[in-house]
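Protein chains get the first letters and strands the later ones, always in sequence-line order, with residue 1 at the start of each. Below, each value reflects all heavy atoms present in this structure, side chains not excepted, and no hydrogens, waters or symmetry copies.
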2 protein chains.
Amino acid sequence: MPEQSPGSRPTLEAVAARAGVSRATASRVVNGGAGVRQPLADKVREAVEELGYVPNQAARSLVTRQSGAVAVIIAEPEFRIFSDPFFEQQVRGISRELTANDAQLVLLWVEGPGDYDRIARYLGGGHVDGALAFSLHDDDGLPALIRRAKVPAVFGGRPGAGAAAVPYVDCDNRGGARTAVRHLVGLGRERIAHIAGPRDQTSAIDRADGYRDVLFDADPALTAQGDFTEDSGARAMTELLERRPDLDAVFAANDLMAAGALRVLRARGRRVPDQVAVVGFDDMVTVAESARPSLTTVRQDIEGMGRLMVRLLTRVLSEGGDGRHVGAPASVIMPTELVRRASA
Amino acid sequence: MPEQSPGSRPTLEAVAARAGVSRATASRVVNGGAGVRQPLADKVREAVEELGYVPNQAARSLVTRQSGAVAVIIAEPEFRIFSDPFFEQQVRGISRELTANDAQLVLLWVEGPGDYDRIARYLGGGHVDGALAFSLHDDDGLPALIRRAKVPAVFGGRPGAGAAAVPYVDCDNRGGARTAVRHLVGLGRERIAHIAGPRDQTSAIDRADGYRDVLFDADPALTAQGDFTEDSGARAMTELLERRPDLDAVFAANDLMAAGALRVLRARGRRVPDQVAVVGFDDMVTVAESARPSLTTVRQDIEGMGRLMVRLLTRVLSEGGDGRHVGAPASVIMPTELVRRASA
DNA sequence: CGCCGCCGTGAGAGCGCTTTCATCCACTCA
DNA sequence: TGAGTGGATGAAAGCGCTCTCACGGCGGCG
């Protein structure tokens, strides 16, 4: 069935020969066909079809100096980053958009600072055209690493203040938090508590800022610290009830902590939302919908953020050439949306 | 700081010139240095160091016809495959082993049968040296797809019976199940129930087979069907208690279902393990350790399975040349281990 | 002492592609 | 009618690397 000896795929040369044109023309057609007359172009396309020609990416990369691949860098200070449903959606968005652009996704798993060298070398080696990275912690060395490697990159989530200025895509954590708190205010709540996320994650910081934007004079005792886990949410809730038994609403920095809070409120016999209204953040469907009562929360388009990361990177790539033009890279903040369910 | 004009990385030519040798010799050193005399080799290595030389993979691929990359194919019939902690560990193992082999991980996300064409073309295009895939369902088209693309591949998990014969890595589901059940027998239990997983997943089938290996004459009423979710485990447990209120042990096909069963047993006032002993499968730490009582279960080395997939693929690649030699590919079954905790 | 063989090295071909540059043709305009 | 124009095409030069092959020098053996 193969026209060639087994193992050897047809080359552009073969296509050109079959179509009766030069390699140059065949190449032009394969790459869009600009400047080739219709009948010739058709002949070439036909030959491509018949031979089942697929361009050799290596040869192409060699001359264009573009790999057609993008690295997705996963730093994993914590254990369970990868299996975060969040992350999954984001990577899916990235994957889809990359596919739409005929680019490949190379997964780079950073196993800690000791691994930075390897990653830097790889990135610097021109194996990928750009990188997409996720920065979760303030002290993450990733932004610096990527800057050093001089690879065009886009971050998912706003890197910490200490980090180098890099373009990123994030959702409007602060604005979303404001919406959530305003919603509670609109419900007539007057003693609105906040369960904050880890102090070293920008998303948590921004959400807390949003809370304070609306309730700038809130009693500090109305804020408790959590770490984005359900248990920490429960602990924080317990603490809050002790400090301010009169609270009538809680805005938790994520759904998991909101679920923990809900558990404690139920155990203490506080009716939700009658006595205490609860709002979460993220709209993690599995958590928010199965919570009792179902959770009012702030939704973000996570897959969309992934796609946007790719688009932004694509733009940086086409603009800056090979990373030489380091103009002010525009970051993108995506809007959020309040999803009303039963808890508030 | 760069010795070249910005953007142009040093070539092997430059290294050779600096070391005062020919390109051929430089190449030999870079690729292991066999057949080059010590002093010369040292000079070359020095030049590499000084210039910060990194081989151009595209050029190398062009001549060696090897990409140095391996595709990891994720078919996602269900929604949440990727965020399965299981999967995460396996991919981590793969990533680590690939890194150790200086190979890259290209992530291919299959968006359903409509996407098969694209994947087949990609795989057939010689962009990767081999593929690692995960087959979860009996009717999965992936094995056939990969066979058609003629790419050396290794599967994670035994593909269904309908699938083409492909090498795979799996844990000893059947043997692990036997161990679990024998453990219950050893505890003196006489009416041991089984909560089975989905009928179309080979792992679930094998575990059920293991149960029957030991208890070949068990009452069919002692087996209930679940789907690997916690809720299904709870439902199955309820059913079992209705059918055989006298049961004194349960072997669930995974930890999640065991947790569901535990919940129901507690609600019904059955003491675990006194009245009913429970054993799970997988040793998903977050589930098994936080269950009340903590879960006795069967552990598998998931990361190890990932690494093994890579090793197996590497072997296939080095043996079979470019997939021409399609000898009987040996699959690997990894041992399991019973982890005793409180529930049995 | 001379020949053979082997090891270490360098010259150079060529992997498959893109892209410049020259060429050629069909027109248009003076 | 002939020079000028511009677009379509082909020839060929590499991109950076590996690897074959030829070559030269050296040691061992007859």
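Whole-Å rounding puts the Arg37(A) CZ to dG10(D) C1' distance at 14 Å.
Using a distance-only test at 3.5 Å, with no hydrogens or angles considered, a donor-acceptor pair links the side chain of Asp129(A) to the main chain of Ser67(A). In this structure, the side chain of Ser61(A) engages the main chain of Gln57(A) through a donor-acceptor pair within 3.5 Å. One N or O on the side chain of Thr64(A) and one on the backbone of Arg60(A) form a donor-acceptor pair closer than 3.5 Å. Side chain of Asn56(B) to main chain of Ala58(B): a donor-acceptor pair is present (N/O by atom type, distance under 3.5 Å, no hydrogens or angles). Arg28(A) places no side-chain N or O within donor-acceptor distance of the main-chain N or O of Gly35(A), the cut-off being under 3.5 Å.
With ring centers used as reference points, Phe134(B) lies 6.0 Å or more from Phe155(B).
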Are Ile146(A) and Val166(A) close enough, and set up right, to give a side chain to side chain contact (heavy atoms under 4.5 Å, CB included), and what steps lead you there? CA-CA 9 Å; Ile146(A) 284 178; Val166(A) 286; 5.7 Å; no
Any chance you could lay out the salt bridge (Lys or Arg N to Asp or Glu O under 4.0 Å) test for Glu111(A) and Arg118(A), step after step, and finish with the verdict? CA-CA 10 Å; Glu111(A) 302 266 10; Arg118(A) 190 191 108 232; over 6 Å; no
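Each end of the helix from dC1(C)-dG30(D) to dA30(C)-dT1(D) gets its own rotation axis from five pairs of C1' atoms, and the angle between them is 50° to the nearest 10 degrees.
Counting heavy atoms from C-beta on, the side chains of Val128(A) and Tyr122(A) come closer than 4.5 Å.
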Distances under 3.5 Å only, N/O to N/O: pair up the protein atoms with those of nucleotides 24-28 of chain C.
none

Heavy-atom protein contacts under 4.0 Å, nucleotides 10-17 of chain C, coded B base, S sugar-phosphate only, - none: BBBB-BBB
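Rounded to the nearest 0.5 Å, atoms CZ (Arg307(A)) and OG (Ser95(A)) are 9.5 Å apart.
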